[in-house]
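All remarks here apply to the structure that follows.
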Amino acid sequence: MKITRRRFLQASAATGLLVAGTTGFPALQALAQGENTAPSAEGKWMSTLCQGCTTWCAIQAYVVNGRVIKVRGNPNSKASHGKICPRPHLAIQQLYDPDRVKVPMKRTNPVKGRNEDPKFVPITWEEAIDTISDKMMELRKNNEPEKYVFFRGRYSGTTDVLYDATTKVFGSPNNISHSSICAEAEKFGPYYTEAYWDYRDYDLAETRYVLNWGADPVASNRQVPHVMNIWGNVADQATIVTIDPRLSASAAKSQEWMPVIPGEDGALAVAIAYVILSEGLWNKDFVGDFNDGVNLFKKGAIVPVESFTEKYTSGIVKWWNLELKDRTPEWASERAGIPADQIFRVARGFAKAAPRAISWLSPGSSMQVRGAYTTMAAHALNGLVGSVENVGGTLRGSSVPLAKLPSYEAYQDDTSKKGTKAKKIDQRGYKEFPALKSGKSGGGVLTNRVADAMLDKDPYEIKMAIADWCNLPFSCTGAQRWEKALEQLPFLAHITTNPSEMTQYADIVLPAPMHVFEKWSFNKSKANKYGFAAIQQAVVEPLWDVVNDETGFSWLLAESLAKKGFPNLLDYFKTEVKDPETGKAPTNHEEFTMAYLKQLTHALWDPTAEKKGDTLNSWQDFVDKGVWNTVEPAYFKNWDDFGTKTTKFEFYSETLKAALEGHAEKHKTTVDDIMQATKYLAKGEQAFVPHYEEPLRHGDATEYPFIFFEHRSRLNREARSANTLWYQEFKDVDPGDEAWDDVAKINPADGASLGIQSGDTIRITSPQGSITCTAKLWEGVRPGTVGKCYGQGHWAYGKIAALEYGKKPRGGNNNEILPSDFERLSGSTARHGGVTRIKIEKV
Ligand SMILES: Nc1nc2c(c(=O)[nH]1)N[C@H]1C(S)=C(S)[C@@H](COP(=O)(O)OP(=O)(O)OC[C@H]3O[C@@H](n4cnc5c(=O)[nH]c(N)nc54)[C@H](O)[C@@H]3O)O[C@H]1N2
Ligand SMILES: Nc1nc2c(c(=O)[nH]1)N[C@H]1C(S)=C(S)[C@@H](COP(=O)(O)OP(=O)(O)OC[C@H]3O[C@@H](n4cnc5c(=O)[nH]c(N)nc54)[C@H](O)[C@@H]3O)O[C@H]1N2
Ligand code: SF4
Ligand SMILES: [Mo]
């Protein structure tokens, strides 16, 4: 099969794409030449939802004779303009991946380890569920249900049945999501300035300036088809600036590239704020002004707080006095490695575009050990130009009216109640792990801390786990710790499409439907100013013996627990879930899946339900159209009360102050002490304002001379596409990368001094570990830094992802050299900011 690179990328603009195995599909010839309409009566476009990344696009699959042969954007979707990115094409190869788990299996080799063959043998679903429920009943019998943990990776809109209800009715507090290895730190900035703990939407059609803080939105982030579609217009009418140590796809399409030294983003953010204030460029309508109209923000000057009257903001003068007054572009230039004149130019351009200016946060500038204050500083720039909820600025988005998971408290018995009151296993809320999600000490998850907690049995031992749609010994930094933790875990069930690294430690393996094409569910998201919910449907009959991993599995487990004397979960499902069309309670797992899905989404497709958005006529109408869109959100919605402690957009965060003081009080200590425990350098009131923090790196500069940084691939479907041919064949769509390879990108100047050339096999070593990959000399990374894509280095997953399944990876997994460290205020895993230094040797 041969597709050219150009053809492949074009296909994502929804032109025809010829897919693998064309013989035997008569419709294909026409399809390959034609447009988006069905070329033959044999085939049919069916609506579903892609979850190749967190954009969660409504898409459509072209199905011929029960086979998916092509995908396109759902033309009914306003968020995506009916387009897709390149990745859903890979989903077809994921669906038909011959290496998938096809039937339930059990382990017959009791010894667990990376070099142990689990010796899986096929079993029935009945035996698999029976084994799991036996283990669960044993925990209940011993009155220790808290020793059960449920690990959730990617998930769909029906997750709560398994994640929340099943875990809690059973009696464990330990539903552990992957959120904090994902992007939680990014939400810290918006929350502690405007009380919004979520991702933002952006008014790209109206904007005049975009500042990407490590965001690469044409290739990744959270609205790829929309951005791919509109970026040309944005580039025509706006200035785009990308702050990224790497010449990313978006940087290549920007007017300005700021190749920041990894982790030094904070210096740029506060220097931009300095320029805006010292040159009087802030948005007076949003921020207010000096009482007598004279700008007192002069270099080094302390400004009297009473001299300024703010409008929709709070703490501008305190911010200046505590942090900004000496943060000149010249000062920042030395730290960030960016010329001062470029910082001046960008700051002025950004401010002059106000309010049509977007400061776009991403994990790149926030999932860093000291990243919380960088995300605050970068988001505070939106406050300075008044672009929050404003024309051409950042938006919160419209809400999608969904039903809630029915309350399950009445179904918890004493054992469950006692168990769920136990501490969560992830050490959230410990003195050094505040995880201040939404202002609460211990409010957020510490996914990557669980490996340590399990190994140290702190706060207690974990005896069994069920994991769905996650691959923690691959996806977590300090991956080796997860291997150890899973080696000693007495029982693990993994629900998965592929035998991944996590599966290698499983006692029971359960085949999951490939979510895009084999699963019934839905999801909601937002982009292009529209919120939406889209249906995910089994557009084809699953090839293998799969059961819906969220709802279906929960039902089977509930039935089995009921047979063993614990009927509460099944009672809850049967009593609280009813098909809204028939009013009937479900009697089996398939009916339960559909009833719960319809119950959650009822308001969207019930034409009589009041809502702000599309009108759908019936459930079938929703399934056919595939998407329900909101109306555009109103601007200025929260300006009168942002929901912060002061109700204003906070430059001096009273909201953060309250959260930190609350956490300090809980541990009977001071905020200064908490700062130290969480590895921050801030002292006194500096902790309450966005400020510069020197990046923290592992490894000594003399032993480890290079700063390592990483990025995701345009073709990563999170870490799930490496076993597809097209991922490998087209890997070089990532700037600097090579097909069928895993390269570390080294600046040619460094290559020369190391005596390393492109194509050389190299070993990269950090204090955490070593990996082997290929060297690539490339000018798109700055001297002294080495950049590498995440996603290769699978030692399991299948014949393509690994060079030798279970033994030899293709390339190296970045998580084996990235040490496990955290942005502790949000609980996030710090993969960015140049968290580790490395050395490079030719092998
Ligand atoms: N170094 C580094 N680490 C990272 C990242 C990074 O950029 N760099 N990215 C981080 C981010 S943002 C995230 S969100 C996490 C994601 O990390 P995880 O939540 O662990 O998800 P994945 O690694 O994508 O793997 C999911 C696993 O689910 C199984 N699976 C695959 N498809 C399906 C399916 O359709 N259904 C079910 N039930 N199972 C399936 C497979 O076993 C697969 O390995 O990784 C994080 N880790
Ligand atoms: N193509 C693709 N898109 C995806 C996904 C995917 O797997 N593939 N996954 C989805 C998910 S789960 C998530 S959470 C989002 C997150 O996706 P992104 O917003 O793309 O986040 P990251 O990939 O973590 O990092 C973004 C950028 O940070 C840069 N970077 C590294 N270190 C630094 C630094 O110190 N400073 C700065 N300024 N930049 C730095 C990297 O070069 C990279 O370009 O993407 C979603 N979209
Ligand atoms: S991979 Fe992401 S951006 Fe691409 S179609 Fe799927 S959900 Fe949308
Ligand atoms: Mo993520």
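Counting starts at 1 for both ligands and their atoms, in listed order. One-based numbering along the sequence shown.
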[Y] and [X] side chains, donor-acceptor separation under 3.5 Å:
{"X": "His698", "Y": "Gln768", "answer": "no"}
{"X": "Ser713", "Y": "Asp734", "answer": "yes"}
{"X": "Asn498", "Y": "Asp97", "answer": "yes"}
{"X": "Thr242", "Y": "Asn212", "answer": "yes"}
{"X": "Gln504", "Y": "Tyr805", "answer": "yes"}
{"X": "Gln60", "Y": "Arg72", "answer": "yes"}
{"X": "Thr158", "Y": "Glu550", "answer": "yes"}

Would [X] count as being in polar contact with ligand 1, using the rule that some N or O on each side must be under 3.5 angstrom apart?
{"X": "Ser500", "result": "yes"}
{"X": "Asp468", "result": "yes"}
{"X": "Thr477", "result": "no"}
{"X": "Cys182", "result": "no"}

Of Arg712, His178, Arg152, Arg100, the one whose closest heavy atom lies nearest atom 9 (N) of ligand 1 is Arg712

Options Asn814, Asn815, Thr497, ranked by nearest heavy atom to atom 30 (N) of ligand 1, top entry: Thr497

Numbering as shown, the atoms of ligand 1 that approach Gly153 to under 4.0 Å (heavy-atom distance): 19 (O)

Where is the nearest protein heavy atom to [atom]: which residue, which atom, and how far?
{"atom": "atom 10 (C) of ligand 1", "value": "Ile181 O, 3.2 Å"}
{"atom": "atom 5 (C) of ligand 1", "value": "Tyr790 CE2, 3.4 Å"}
{"atom": "atom 26 (C) of ligand 1", "value": "Trp469 O, 3.4 Å"}
{"atom": "atom 8 (N) of ligand 1", "value": "Glu710 OE2, 2.7 Å"}
{"atom": "atom 36 (N) of ligand 1", "value": "Pro513 O, 3.7 Å"}
{"atom": "atom 47 (N) of ligand 1", "value": "Ser475 O, 2.6 Å"}
{"atom": "atom 25 (O) of ligand 1", "value": "Asn471 CB, 3.6 Å"}

Is the [X] to [Y] ring centre distance short of 6.0 Å?
{"X": "His515", "Y": "Trp469", "answer": "yes"}
{"X": "Phe151", "Y": "Trp482", "answer": "yes"}
{"X": "Tyr790", "Y": "Phe474", "answer": "yes"}

Given Thr477, which of Asn814, Thr836, Ile817, Thr829 fulfils the side chain to side chain contact (heavy atoms under 4.5 Å, CB included) condition? Thr829

The single option from Val540, Ile92, Leu95 that satisfies side chain to side chain contact (heavy atoms under 4.5 Å, CB included) with Met514 is Leu95

Main-chain N/O of Gln537 paired to Thr48 side chain as donor or acceptor, under 3.5 Å: yes

Under 4.0 angstrom from ligand 1, any heavy atom of [X]?
{"X": "Asn498", "result": "yes"}
{"X": "Gln94", "result": "no"}
{"X": "Pro499", "result": "no"}

Every N, O or S from the protein that is nearer than 2.8 Å to atom 2 (Fe) of ligand 3: Cys53 SG

Count the heavy atoms belonging to other residues, nucleotides or ligands that lie under 6.0 Å from NZ of Lys529, then report whether that count exceeds 12. yes

